[in-house]
Number of protein chains: 2
Amino acid sequence: MGGNEAGGMSGELTGIADGEAAGTGTLGKAMAVLEAVVMADGPQRFTDILATSGQPRGTLHRLLSHLVEEGLLVQRRDLSYEPGLRMLTLASRSWSGNRFRDVAEPHLRGLHELTGETVHLGILREAEIVYVDKVESRQTVRMSSQIGKASPVYCTGIGKAALSLLPQPELERLVAGMAFHAFTPHTHRSAETLLAEIADIRRDGHAFDREEHEIEIRCVAAPIRVSGSDLTAGISVTGPAYRVSMEQLTAWSGAVRAAAAAIGEEAAIRLGPGRGGP
Amino acid sequence: MGGNEAGGMSGELTGIADGEAAGTGTLGKAMAVLEAVVMADGPQRFTDILATSGQPRGTLHRLLSHLVEEGLLVQRRDLSYEPGLRMLTLASRSWSGNRFRDVAEPHLRGLHELTGETVHLGILREAEIVYVDKVESRQTVRMSSQIGKASPVYCTGIGKAALSLLPQPELERLVAGMAFHAFTPHTHRSAETLLAEIADIRRDGHAFDREEHEIEIRCVAAPIRVSGSDLTAGISVTGPAYRVSMEQLTAWSGAVRAAAAAIGEEAAIRLGPGRGGP
DNA sequence: CTTCTTTGTTCCGATATTTGGAACTCGATT
DNA sequence: AATCGAGTTCCAAATATCGGAACAAAGAAG
């Protein structure tokens, strides 16, 4: 197959060249379509998806039918498509069965009690940070807006912290593929400045987000390394600029690093050897 | 192709009997494997999955590779498989983008404040109820254990309530396929008793769970019908038997019915015509 | 140390599935 | 009536999947 694009006859079709093009065949296309629907804002009509996915009509139609039959999508009366319930069922298991989150949770709570601010746990996946848990002020948290969300690495505290753990070649590979969207005036805009900051982070053991992702929002983060696992993660304490000064964040950095270290060690033990307990 | 079973020579091995045999081709198999891993308790080794999924070795291996490549599964150092982060990403969008849940939420809160007990929102999918939201006492709820979980219809308040809205033929189709597992001494054990109770529920407009799913747990539920949609759902107020008597539940039934009606109407308006708002 | 298992990975011809352009249906619009 | 747009169905050609069997690698037993 070609890439993701519809494409026609494939002239040279060298393929491989870039990233790891090739592919997951049918599954890949199905997932692309699924994602197109899930990530969209409202219900998507056939034509909408036709445009976003770039699949030919016939193919797309069959893919959608299959997805509906599997319960991953639901077709409404007006023929538009929405995410189906099966996604929830699968996800809830994936989340509650996540032992890493489980190990980290008490530490997140501890940090929250110390600081009174929101605490996040994120895992590195390619050039993104996926938030896996969150402990925040009073309000019932629910499957918080954040959980499951993926943010770019270069503009988040956890992201930069996690990057600091990567071996240089891996780091460079990721940075090379980055697009540096300027979310705020403080967002990194080039590989150079980012790499420079990462050097600092390696030295200090913690990273800051100086309103780089969202204006008026700051955080301190520390990386988590789990020995014996390929997992790279991080935690952060986040707060509004008017309430948490950079000095305040610096004061908390020790606690954040300590919590990160504790999670890393505990996880190495509990995730390493055997299965899960009771 | 055969059915889902791998089997060897398959004597009769009709398996599924019929239902809607045929299938979703490759996607179906991939999802079956994915589900096998996600629903399992710990990380699953290749051989474990080989057993549960019944796919031939070669096929299974390719399926797993593709699932990993898509980020739906992750392969650990010891070669075992775990749910991947992409599931979370997809699910969180599916959940937070669910407008029905959004409409219902204030009403759930209202019921919670009135009763002080746990309130659930569930949607009917085939012969199961999938919990989509939950409001409970103080404790931080998080993506509660329940959310996304699917329970059989015949032993839950919401399930029976939802069934009561179905047209008779549809109802009978579902009941015909039920397995009636006896979770407690009070669980329905036959189609007759279930159908009889559903007749009552149609009359009363609400259903009870008299410790039928879990011992010492009771609830009152009311069905939600959204006109103009195929959605069938329900809400319930649940509590421990020592604290909530059947009389208490009966006293609350009016409020539950009212909330259900309100949700149904509001949803019909907000889900019906246009897209989502801001 | 050798032999036997057990577990995971790779191969490859046969074949069922997917592919995608084009024709078709149905309803709304002009 | 004729045109347009959205969704669905068809079918020969292309290709990804299928799955048995051979192959490696790591343990366990002898």
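Letters A, B, ... are given to chains in the order of the sequence lines, protein chains preceding strands, and every chain is numbered from 1. Computed from a prediction, not measured in an experiment: that's the story for all the values here.
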Revision key, fill the gap. Rounded to 10°, the helix from dC1(C)-dG30(D) to dT30(C)-dA1(D) deviates from straight, judged by its five-pair end axes, by 20°

Point to revise | Single hit among V132(A), D133(A), I263(A) for side-chain contact (heavy atoms from CB on, under 4.5 Å) with F100(A) | key: I263(A)

Review point. So, is T59(B) near the phosphate of dG19(D), with a side-chain N or O under 4.0 Å from OP1 or OP2?
Key: yes

Review point. What is the distance, rounded to the nearest whole Å, between atom NE2 of H66(B) and atom P of dT18(C)?
Key: 14 Å

Exercise for review: Taking all non-hydrogen atoms of both residues into account, name the closest pair between L165(B) and I224(B) and its distance.
Suggested key: CD1-O, 3.5 Å

Point to revise | Pair R86(A) + E35(B), salt bridge at N-O below 4.0 Å | key: yes

Exercise for review: Could you check how far CG of L64(A) sits from P of dA6(D), rounded to whole Å?
Suggested key: 16 Å

Check your understanding: In whole angstroms, how far is the C1' atom of dG7(D) from the CD atom of Q44(A)?
Key -> 16 Å

**Study point:** E69(A) CD to L27(B) CG distance, which is reported to the nearest 0.5 Å
**Key:** 9.5 Å

Check your understanding: Starting at CD of E69(A) and ending at C1' of dT17(C), how long is that distance when rounded to a whole Å?
Key -> 15 Å

Point to revise | Under 3.5 Å: donor-acceptor pair, side chain of T59(B), backbone of Q55(B) | key: no

Check your understanding: For the pair made of CG in L27(B) and C1' in dC18(D), what is the distance, rounded to whole Å?
Key -> 17 Å

**Study point:** Min side-chain heavy-atom separation Y81(A)-V68(A) under 4.5 Å
**Key:** yes

**Study point:** Short N-O contact, R99(B) and D41(A), less than 4.0 angstrom
**Key:** no

Exercise for review: Find the distance L50(B):CG to dG20(D):P and express it as a whole number of Å.
Suggested key: 11 Å

Exercise for review: Between dT17(C), dG20(C), dG19(D), spot the one nearest the side chain of P56(A), thanks.
Suggested key: dG20(C)

Check your understanding: Would you say K29(A) reaches dT19(C)'s phosphate, i.e. side-chain N/O to OP1/OP2 under 4.0 Å?
Key -> yes

Practice item. Considering only NZ, NE, NH1 and NH2 on the basic side and carboxylate oxygens on the acidic side, decide whether E128(B) and K149(B) come within less than 4.0 Å. Key: no

Practice item. In whole angstrom, give the distance that lies between atom CG of L63(A) and atom P of dA16(D). Key: 14 Å

Below 3.5 Å between N/O atoms, which protein atoms pair up with nucleotides 5-12 of chain C? Just atom names and distances, please.
from, atom 1, to, atom 2, distance (Å)
dG8(C), OP2, T47(B), N, 2.9
dG8(C), OP2, T47(B), OG1, 2.1
dG8(C), N7, R57(B), NH2, 2.6
dG8(C), O6, R57(B), NH2, 3.2
dT9(C), OP2, H61(B), NE2, 3.1
dT9(C), O5', H61(B), NE2, 3.3

Check your understanding: Starting at CE of M31(A) and ending at P of dT18(C), how long is that distance when rounded to a whole Å?
Key -> 16 Å

Review point. Checking R125(A) side chain against A150(A) main chain: does a donor-acceptor pair fall under 3.5 Å?
Key: no

